[in-house]
Amino acid sequence: MIDTGDTAWMLMATALVLMMTPALGLFYAGLVRSKNTLNTFMMSIAALGVATICWAFVGYSIAFSGGEGGFIGNLDLAFLNGVGYEPRDGTAIPELLFMAFQGSFCILTAALVSGAVVERIRFGPYLIFIALWSTLVYPVMAHWAFGGGFLATAGTLDFAGGISVEMASGFSALAAALLIGARKDYGRQALLPHNSVFVLLGAGLLWFGWFGFNGGSGFAAGEIGVLAFTNTLLAPACTLVAWFVLDLLRGGKVTAVGAATAVIVGCVAITPAAGYISPIWAMVLGTIAAIPSYLIIVWRPRTRVDETLDVLGAHGVAGIVGIIFIGFFAQESWNGISDGLLYGNAAQLGHQLLAVLVAPAYAFVSTFLILKLLSLAAPLRASGREEAVGMDVVQHGEEAYVSGEGALLIKVGSGDGESEKLLKTG
Amino acid sequence: MIDTGDTAWMLMATALVLMMTPALGLFYAGLVRSKNTLNTFMMSIAALGVATICWAFVGYSIAFSGGEGGFIGNLDLAFLNGVGYEPRDGTAIPELLFMAFQGSFCILTAALVSGAVVERIRFGPYLIFIALWSTLVYPVMAHWAFGGGFLATAGTLDFAGGISVEMASGFSALAAALLIGARKDYGRQALLPHNSVFVLLGAGLLWFGWFGFNGGSGFAAGEIGVLAFTNTLLAPACTLVAWFVLDLLRGGKVTAVGAATAVIVGCVAITPAAGYISPIWAMVLGTIAAIPSYLIIVWRPRTRVDETLDVLGAHGVAGIVGIIFIGFFAQESWNGISDGLLYGNAAQLGHQLLAVLVAPAYAFVSTFLILKLLSLAAPLRASGREEAVGMDVVQHGEEAYVSGEGALLIKVGSGDGESEKLLKTG
Amino acid sequence: MIDTGDTAWMLMATALVLMMTPALGLFYAGLVRSKNTLNTFMMSIAALGVATICWAFVGYSIAFSGGEGGFIGNLDLAFLNGVGYEPRDGTAIPELLFMAFQGSFCILTAALVSGAVVERIRFGPYLIFIALWSTLVYPVMAHWAFGGGFLATAGTLDFAGGISVEMASGFSALAAALLIGARKDYGRQALLPHNSVFVLLGAGLLWFGWFGFNGGSGFAAGEIGVLAFTNTLLAPACTLVAWFVLDLLRGGKVTAVGAATAVIVGCVAITPAAGYISPIWAMVLGTIAAIPSYLIIVWRPRTRVDETLDVLGAHGVAGIVGIIFIGFFAQESWNGISDGLLYGNAAQLGHQLLAVLVAPAYAFVSTFLILKLLSLAAPLRASGREEAVGMDVVQHGEEAYVSGEGALLIKVGSGDGESEKLLKTG
Amino acid sequence: MKLVIGIVRPEMANDVLEALFRAGIRGLSMSKVQGHGGELQRVETYRGTTVQMGLSEKIRFEIAVSEEYVDTTVQALSEGGRTGEVGDGKIFVLSLDSVVRVRTGEKDDQAVTPVKS
Amino acid sequence: MKLVIGIVRPEMANDVLEALFRAGIRGLSMSKVQGHGGELQRVETYRGTTVQMGLSEKIRFEIAVSEEYVDTTVQALSEGGRTGEVGDGKIFVLSLDSVVRVRTGEKDDQAVTPVKS
Amino acid sequence: MKLVIGIVRPEMANDVLEALFRAGIRGLSMSKVQGHGGELQRVETYRGTTVQMGLSEKIRFEIAVSEEYVDTTVQALSEGGRTGEVGDGKIFVLSLDSVVRVRTGEKDDQAVTPVKS
Ligand SMILES: Nc1ncnc2c1ncn2[C@@H]1O[C@H](COP(=O)(O)OP(=O)(O)O)[C@@H](O)[C@H]1O
Ligand SMILES: Nc1ncnc2c1ncn2[C@@H]1O[C@H](COP(=O)(O)OP(=O)(O)O)[C@@H](O)[C@H]1O
Ligand SMILES: Nc1ncnc2c1ncn2[C@@H]1O[C@H](COP(=O)(O)OP(=O)(O)O)[C@@H](O)[C@H]1O
């Protein structure tokens, strides 16, 4: 039976998560130099096209079909075969909506990975990369934790994607950054965010969307959804304040880009734990999650690894923190499922650590292989000169901010083309 | 009886559609030159004021009162007379909410038309225009398809506004562009989008809002709403990828402004069909809808018709495609109402073609007449010099981006006004 | 019993209100000079961190515990003690969600106050200020009207925060502006909004969020929520048009910043009355509320009071108008609770006037005292030189819009630091 | 050699560019400036603040030319930029001591003549 | 005729403008530049990247005047722009070979004297 | 004294800055310009509108120096800004009649030598 209240909330939650992808585009676009703005934004927009299609064609099936405890689903649900109004077991919403909600996760996660390789990857190969990634990486990892795969049956708890979203994007980003290599000016010049208003607004919209992301992961407008929702408010708030303190300790100043980053880190950390821990523990989690991510984000630019927008630091690491935290602080009185170590169930910690072992490995290796294969077929990155000119002009033939002076209209079909000739010989 | 789940979703869907109007303002504002930014944005904001009032006063009544099969409603519900908590037949939400949801469509559609005449229409006459348009054009066409008018009784299917929103705005835009005439620099200078980040963000927010637009057009958090919602994800995703391919074929580069346009086109195309066709057919619709709109948008600037932001290409044409598509591919097993030609019901195609005959004609003619009449009372467009200065300064006495240097404060009531005197004689 | 429909809507409404705080940041950031953009935005973001924590720790308890008719709650619910899935009396949603929804109001209100002191207050003291304010001012006033305090028992009607949100922020802003003092260039130079697109988009998003703010204040997806929602569309639409007229009368031009302001004023005015008056009266309220706010906003800059972003004019004054309006036009046939003077219940007007007496006084005095105390411990505002440089660089060590030229990378730990040495002696 | 500085209306910038190209001027730099001359000031209003905007947007061309091209350049600038209404702008001519082409290090007249690349 | 270039702090730009108008200077162009002089550099931090911002925002005035006005102009610039702290800016005076008014084609001193329009 | 104007690629701006500092040049102003030279034009497309972008972004340095520093400055500019590909930019040297330091009113060579503050 379909419940209209559950359906109402899941419709909304799905819309919220879908909004996160353009919000991520904005967030990322603000963080790069102005000559790469559109290209960076387009990497997220592209995911809305490419990953959606892959998801409908095979991704959903890979993730959500097949028996219990497996590594990968099958193609029973490919091309949305049989996915209709009938709810899946344990939910009271049409499966079509369940499919859309889960698909929105795949789209966002694919877009997240782009943060590692902005300002240099070529757009064509990137499109093929996200097609492969959203078919071979995300759905497989989603199967493990959400689709009845081996982590689910082993007892690993992951409420809204610590495994297939956060660790997957973080460690895929690392692999991509290593394989693509650093930007040519990395470590030599200051490569700064060109518009921090976009960064703050993007982070604000991402947080807004995350209420659907976590709050919808109970698939119902019920107790667990409310718990997850509330924790998605409390945890990032604490991360934000913790980040303020860390910023003050480090440089005496609270930074805005730091605050935007903190919002993301807090949302990431609570993602796997949102429906499993009490609000007060969520606040603790939010606070402590700030520390490892902060350290990595400050330390990473001193290395040769140009994992440009710190997907690993913000997502991979905070995702691990959240997954492990469950092992200690899960509380059956809140989640109705399982306790953590602190509440007497040491086994839970083991289940959680299992995920921390396998997820990063699979994400890293599979992404590396995909990109390696692609690199044999075509160069993945722009030339040094193209990087200097900027990816917007080179890859898209556009600029984000155009003033119009000096732009001569090419009159197609007008026959005279005089001004062009003038310019060309000029 | 009111259903809380349906009401919850319809509250949200209404909010989403209302958000689309500022999002459209942002989208349009990014597409114009910086000296016309605020004016362009204000045309959408103004619709939120003017069209809302017209809707509450008479528009809703014109659209949703009166008997079956008519051309226009009556004034029984004028000034919201009798519109209260009692649901309309066939819905389980208070009529007040139904009225607000339908009103949000009228507002958005009025704002859409402005795209044809930005950068030159005077703001005063524009305000009167949208008042008349949102009283005489939108409600009438909404009556035909949604309010029990002759198209509805004839059997034409239009889920969420292919007729009163998409064809209405597209062909009204054409009429307005023809009557107002081209910008003085049109065809002579390159008139480029001044901020494509706003364009992408605007498109992203519009898509987000469209989930409420289509998803809410079933007036319930039920099966049809879920179908419409899911199709609003799948179809535009396919349009986006199709547009990438068309862009590549044409110029070798995927463009960002193109991607933003594709999102709109895809959302438009699925609008009439969202609750009537299967998800897989929605993907097909999304794909093929790209082609006619693409061709028109590329071809139109070579003509003398300065339908500036291509409302006809993006809305009118894609709306027609969607309306006709229903005639072929509607599926009773999904929509519970009617099959299309492919499923054995050739009559449906006829019903759909009827709409394609009458809707553009009415929109074009009525808009043309309204503007023609207005033009007799006052000049509709700014002078050439005003166009050169920009509509922001001329119409609003403001600039979108002010740096403050060279701005001398006029101290009202301070009596001395010395600096002004200096400046004036300077 | 939990109702899934109510819960669905309240989840969404809460998310909408939480989105308002970044939207406010954007709105405010657009209104200041570019050198203070990030600082201004960060004041709102900080509220999401600081006020959330204060709310969870003690604020919620102060507001929503304790007996009937009191001045302040107690600490029974401190640290969310006992706040779980069980609904509060009269609602069908988990108390946790009720807490989050109410918390989102506290956050937003704290952020609102910052508008009075932007471009000069130091960020450290500001953080302490909002911590104290969101503990000692908002929750107390919320207790009076929402938490069973003396105004509630006296019969004062305040649907969604005319008292604790609008009057509280407006009069706190006045106190803060008086105590902090004017910006050094105030009244001497033209201090203009640096990006009015952000202002319009911010206002649009705020309106969007306000549908949750008012629509959610019935705590249910039912009749009253729908009434409040619809009125939140109708009233601001009328304010917008009224503002157009006032702008035309004053300067012959409709302004965009004015339109954005009108949206806020309209939303504020309907806030207390949203669930108590009929749609038509809501339109009247929206229209007349424009006048006092308009006059104050035009007049205030001629005084020495640099209440920079006119929180008093937009929120305090319009809040009072809304509160008083209820006293005349409340209609039991719509709200099921009480009539106003016009419908025969003169007492209601008295109850409303009581709020207008006590709320501004408490907000003003308590805010003044908090800031006065803080000012004894540390200087609250930046020096004149720092103001000249801009708060972004001085307080956060960042700039909103960076081009990157002339930025030399400081290679931490690289040992040579040659370029820095060059620069330093340069 | 001379350095010709031309200040014109932004809406005429493309016409000026065309005029310059037509006249065979191949190297130039352009930037946005704000100017004050005899133009009418515009009044703007932001909430309660009313201001007089004393400056209008202009485009500034900076063009180094050899002596023989000076007149052509000035003419191109002034014909391309003219509308006949107040605010059309000014042209300034300065003497250049020397010019260097960064790419090759070539000097003076060599450096203002385009090289086939 | 001379071309006077003055580089001043942005926060002093309006004071400079007033000083110029008071001194009877009617034509000028203004643009934003970034300058390096003896000012303290500021350090900025974006996530893990710390940078030294070697340049500060300045406003550049460009004013063509006839000989007799040179001193007045320089004085207006330097008095209007002075705060007394490092970073106040510089004024440069160059010789102008000729000036042309785009609108009328008038030359030289004619062109720097305002015409009633 | 001379005024040296150098127009270089934006991506070389930091290298030029370093070269200048290394050469002991302490005062300079910098701004963004758009230039046209021998560079290839790029074609951009916005919906149905295709345009030829005739201008590329450049950075313009403006540096007042005493005679003895002219060569060093030109050299720093041209070495720091060189990539060897078309579009590297130009350097112009003009004679300065006088220089004034706004802060102190000091004149000429005094004003281009940095003062300990
Ligand atoms: N003496 C000057 N020095 C520098 N720029 C000037 C001067 N006079 C005018 N300009 C520039 O030329 C523009 C137009 O000047 P204006 O005097 O209005 O034109 P007109 O020559 O048509 O009277 C101004 O906005 C300013 O940018
Ligand atoms: N030699 C120079 N050439 C060009 N611009 C200069 C020169 N010296 C200083 N400037 C400009 O003047 C500004 C202030 O210079 P600075 O030397 O700090 O001032 P002060 O004269 O107070 O010591 C610089 O930021 C720069 O824009
Ligand atoms: N005659 C000139 N006057 C002013 N600026 C020029 C001139 N010639 C070139 N420039 C500037 O130098 C830049 C590079 O010039 P270009 O001729 O392409 O370089 P190259 O010297 O490598 O051939 C141009 O974009 C323009 O900004």
Side-chain angles (χ1 to χ4, degrees), chain B residues 2-9 11-12 14-15 18-19 21-23 25-26 29 37-39 41-42 45-46 48-50 52-53 56 79-80 83-85 93-94 96-97 99-100 103-104 123-124 127 195 198 221 392 395-404 407-409 411-414, chain C residues 3-9 12-13 16 33-34 92 187-197 200-201 203-205 207-208 211-212 215 220-223 225-227 229-230 233-234 236-241 244 248 251-257 259-260 262-263 278-280 283 302 334:
Chain B
I2 288 174
D3 180 280
T4 59
D6 288 355
T7 303
W9 171 233
L11 285 167
M12 199 52 232
T14 308
L18 288 167
M19 185 273 297
T21 302
L26 183 71
T37 308
L38 295 182
N39 179 248
F41 207 138
M42 281 294 282
I45 298 292
L48 278 163
V50 175
T52 303
I53 295 175
F79 297 92
L80 304 182
V83 179
Y85 298 137
I93 59 170
L96 208 53
L97 179 54
M99 184 280 299
S104 68
F123 195 66
L127 291 179
N195 190 320
F198 292 167
D392 288 2
Q395 301 287 317
H396 305 286
E398 292 168 296
E399 292 167 81
Y401 315 107
V402 183
S403 76
L408 293 211
L409 199 60
K411 289 176 201 111
V412 191
S414 70
Chain C
D3 180 280
T4 59
D6 288 355
T7 303
W9 171 234
M12 199 53 232
L16 281 172
R33 289 169 290 171
S34 60
R188 298 194 315 112
Q189 291 197 4
L191 308 171
L192 305 178
H194 86 287
N195 190 320
S196 298
V197 176
L200 285 173
L201 178 61
L205 291 176
W207 195 351
F208 175 48
F211 290 110
E223 299 183 348
V226 165
L227 176 63
F229 184 102
T230 307
L233 169 58
L234 297 175
C238 294
T239 315
L240 194 53
V241 172
F244 284 3
L248 281 171
K253 279 175 184 153
V254 172
T255 66
V257 172
V263 166
S278 73
I280 291 297
M283 296 181 80
R302 302 183 198 173
W334 282 94

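Proteins come first, then strands; the chains are lettered A, B, ... in the order of their sequence lines, and each starts at number 1.
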Under 4.5 Å from a heavy atom of chain B, the part of [X] involved:
X	value
C:Leu201	both
C:Asp3	side chain
C:Glu223	both

[X] versus chain C, heavy atoms under 4.5 Å apart: side chain, backbone, both or neither?
X	value
B:Ala407	both
B:Ala23	neither
B:Ile53	both
B:Leu18	side chain
B:Gln395	backbone
B:Thr37	side chain
B:Thr14	both
B:Leu26	side chain

Can you sort out the partners of B:Phe41 under ring-ring contact (aromatic ring centres under 6.0 Å, His included), two or more places apart, ordered by chain and number?
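Partners of B:Phe41 under the ring-ring contact (aromatic ring centres under 6.0 Å, His included) test: none.
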